[in-house]
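In this text the structure is predicted, and so the values were computed from the model without any measurement. Below, read A as the first sequence line, B as the second, and so on, with proteins coming before strands; counting in each chain starts at 1.
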Protein chains: 2
Amino acid sequence: MERPGTWQAIRAEALRRMRAGDWPPGERIPDEAELAAEFGCARATVNRALRDLAEAGLLERKRKGGTRVPLTPVRKATFEIAIIRRDVEGRGQRHGYRLIEDALRPPPEAVRTALGWEGGAMRHVTALHLADDRPFVLEDRWLNPALVPADRVRFETVSANEWLVRNIPYSSGDIGFLARPADASAARWLGCDAGAALLAIERTTRSEAGPITFVRLSYAPGHRMEAML
Amino acid sequence: MERPGTWQAIRAEALRRMRAGDWPPGERIPDEAELAAEFGCARATVNRALRDLAEAGLLERKRKGGTRVPLTPVRKATFEIAIIRRDVEGRGQRHGYRLIEDALRPPPEAVRTALGWEGGAMRHVTALHLADDRPFVLEDRWLNPALVPADRVRFETVSANEWLVRNIPYSSGDIGFLARPADASAARWLGCDAGAALLAIERTTRSEAGPITFVRLSYAPGHRMEAML
DNA sequence: TGGCTCATTATGTCTATACTTATTCTCGAG
DNA sequence: CTCGAGAATAAGTATAGACATAATGAGCCA
């Protein structure tokens, strides 16, 4: 347990009151000044605790309106998105990598719209990541050839996944999860039947210099992503 | 843009320096006192900005060790987990609900282990959620009959999803994402072919009084969950 | 009634200061 | 040369006070 008077202790007590029904859903709770007086601490400490709960979706706070327990809380689940090699190694397995294709191709319409790509051909890189020699995830990536030219950046030994994180870090983008049936190519590389249900992550990455990449990571059947609540 | 001297402005400037390469991956950045002097603000303000970046996985901070830019940042993607009705309504569609089954059954082994269930039969509730009269998600739930007795709590009109959020809020649990092929039942209710790839969320919920529920939400084919980076 | 302004209010944020704590570094003993 | 005690360091946190800001609501005027 935390020592009393710390913001963690106040957060825990607030949570307890919500669970116990002292602060029922929909109700407004005492304001920061009152709670600070009750707990015998500074208002900033109460603010820290309640702000933390609000960020997790467990409280709703509005200036002047006060703080209330939401009727239907919108909880937040967070995934840790590491590079694939670290993901595999974090499971205590050996990471393997195999480049399948690296060629210039006209991107499909879905990729064009997702990235807002106006130009012609993009660099299409396909690769397989292995965990203890078994297929783990299929990486299907479209790269802006102006930002990642094929004659200067090679992906034979280092995956595009890893290269991008190291060299074009901290860019913005979207991320989405979906399920898709394995097509012939995915089935072949992942060693499953065509049509098998695959968990996939699609991500677009942009910088100020323009679109960087669209990638779809298709995990081998049975893969499960754990999130923290 | 933020006015200078605010913690958001400092966070933005720190991000800019990382992107620009002023603070390259692996490097240690100036400590809080130095940055506070540079930006002409209090150390607490710098702390707020850097703590925020660290929470997002964009910085690594250690006492005495200082703050450094991670070599391979572990970014965090967060999903908003709302109750299904709100999810549907948030898309501007009409939410529909239909109870399929509500019966006492011995739970399958996977459910027993996920919940740590020692007893016999559990309450098995299956229901379909609709968006504009089209199948949206199939809810397959196992409930602790001691905590949610069938003779007192009915799910004909209010989904278990919603009832639980309102009545047993703020409990702890795990959440995981996976892809699974539609079985005969799922195919029938979701109106898709058997074997179709479904995005599913599995969640276990526990309270101090014991396990509450295990639920698997299987989304209709094509569903995509967007996360925020 | 409708809409405008202005005071009120609770949260949001910043400051200066102090103390705490985890971690690293150093230096001396064995 | 290794190990362990203790010093040094940078982040973590708490505090009192102040001001900023976004809602709300009251009162006024048309």
Side-chain angles (χ1 to χ4, degrees), chain A residues 1-15 17-18 22-71 73-74 76, chain B residues 1-15 17-18 22-71 73-74 76:
Chain A
M1 285 295 161
E2 298 89 6
R3 288 210 314 291
T6 66
W7 69 268
Q8 290 100 328
I10 292 168
R11 180 184 57 183
E13 172 61 14
L15 246 182
R17 291 185 185 183
M18 286 192 272
D22 299 343
W23 291 349
E27 285 293 288
R28 181 164 164 183
I29 74 171
D31 66 36
E32 293 184 349
E34 283 178 68
L35 290 172
E38 182 193 337
F39 294 127
C41 66
R43 186 170 76 89
T45 308
V46 175
N47 180 279
R48 179 87 153 83
L50 299 188
R51 179 160 43 78
D52 194 77
L53 287 169
E55 273 167 15
L58 292 168
L59 284 177
E60 279 170 359
R61 319 196 75 203
K62 266 200 307 213
R63 288 181 178 175
K64 161 91 181 179
T67 301
R68 54 182 61 241
V69 183
L71 248 5
V74 178
K76 270 119 187 154
Chain B
M1 286 294 164
E2 296 89 7
R3 289 211 314 291
T6 67
W7 70 268
Q8 290 99 329
I10 293 168
R11 182 184 56 185
E13 172 61 14
L15 246 182
R17 290 185 186 183
M18 287 192 271
D22 299 341
W23 292 349
E27 284 293 288
R28 181 164 166 185
I29 73 172
D31 66 35
E32 293 184 349
E34 283 179 68
L35 290 172
E38 180 193 337
F39 294 127
C41 67
R43 185 168 78 88
T45 308
V46 175
N47 181 278
R48 179 86 156 86
L50 299 189
R51 180 160 42 79
D52 194 77
L53 287 169
E55 273 166 15
L58 292 168
L59 284 177
E60 279 170 2
R61 320 197 73 202
K62 267 199 304 213
R63 289 180 179 178
K64 159 91 182 181
T67 301
R68 55 183 59 240
V69 183
L71 249 4
V74 178
K76 270 124 187 147

I would like to know whether A:Leu35 and A:Ile10 meet side-chain contact (heavy atoms from CB on, under 4.5 Å); could you show each step before the answer?
-> CA-CA 9 Å; A:Leu35 290 172; A:Ile10 292 168; over 6 Å; no

Is any side-chain N of the basic residue among [X] and [Y] closer than 4.0 Å to the acidic one's carboxylate O?
X: B:Arg43; Y: B:Glu32; result: yes
X: A:Arg11; Y: A:Glu55; result: no
X: B:Glu38; Y: B:Arg17; result: yes

Can you tell me how far [atom2] of [N] sits from [atom1] of [X], to the nearest Å?
X: A:Phe39; N: D:dA14; atom1: CZ; atom2: C1'; answer: 16 Å
X: A:Arg43; N: D:dT13; atom1: CZ; atom2: C1'; answer: 17 Å
X: B:Arg68; N: C:dT24; atom1: CZ; atom2: P; answer: 10 Å
X: B:Glu60; N: D:dA10; atom1: CD; atom2: P; answer: 18 Å
X: B:Leu59; N: D:dA10; atom1: CG; atom2: C1'; answer: 14 Å
X: A:Ile10; N: D:dT13; atom1: CD1; atom2: C1'; answer: 12 Å
X: B:Trp7; N: D:dC19; atom1: CH2; atom2: P; answer: 23 Å

Under 4.0 angstrom between [X] side-chain N/O and [N] OP1 or OP2:
X: B:Arg28; N: D:dA10; answer: yes
X: A:Lys62; N: D:dT24; answer: yes
X: B:Gln8; N: C:dG12; answer: no
X: B:Arg61; N: D:dG12; answer: yes

Which is true for A:Gly65 with a 4.0 Å heavy-atom rule: it touches a base, it touches only sugar-phosphate, or it touches nothing?
-> nothing

Name the residue closer to the 5' end of DNA chain C, choosing between A:Arg63 and B:Lys64 according to the nucleotide with the nearest heavy atom.
->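 Looking at DNA chain C, the more 5' nearest nucleotide goes with A:Arg63.
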
Between A:Leu53 and A:Leu15, does a side-chain contact (heavy atoms from CB on, under 4.5 Å) hold up when you go through it step by step?
-> CA-CA 8 Å; A:Leu53 287 169; A:Leu15 246 182; 4.2 Å; yes

Starting at CH2 of A:Trp23, measure out to CG of A:Leu59 and round the result to the nearest 0.5 Å.
-> 7.5 Å

Interatomic spacing from OG1 in A:Thr67 to CG in A:Leu50 - rounded to 0.5 Å = 5.5 Å

Taking for each residue the nucleotide of DNA chain D bearing the nearest heavy atom, is the 5' side occupied by A:Gly5 or by B:Gly66?
->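 Residue closer to the 5' terminus by nearest nucleotide: B:Gly66.
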
B:Val69 side chain reached by B:Pro24 side chain, heavy atoms, under 4.5 Å = no

Return the nearest nucleotide to the side chain of [X]; candidates are [options].
X: B:Thr67; options: C:dT15, C:dC14, D:dA11; value: D:dA11
X: B:Ala44; options: C:dT15, D:dG12, C:dG12; value: C:dT15
X: B:Thr6; options: D:dA10, D:dA16, C:dC14; value: C:dC14

Contacts to DNA chain C from residues 45-57 of chain B, heavy-atom cutoff under 4.0 Å, which residues?
->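 Heavy-atom cutoff 4.0 Å gives B:Thr45, B:Arg48.
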
Are B:Asn47 and B:Arg61 close enough, and set up right, to give a side-chain contact (heavy atoms from CB on, under 4.5 Å), and what steps lead you there?
-> CA-CA 11 Å; B:Asn47 181 278; B:Arg61 320 197 73 202; 3.8 Å; yes

Inter-end axis angle, the helix from C:dT1-D:dA30 to C:dG30-D:dC1, with every axis fitted to five base pairs (rounded, 10 degrees) =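 The two end axes of the helix from C:dT1-D:dA30 to C:dG30-D:dC1 meet at 20°.
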
Counting N and O atoms only, with roles assigned by atom type, does the side chain of A:Arg48 sit under 3.5 Å from a partner on the main chain of A:Trp7, one being a donor and the other an acceptor?
->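 Pair absent, no side-chain N/O of A:Arg48 close to backbone of A:Trp7.
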
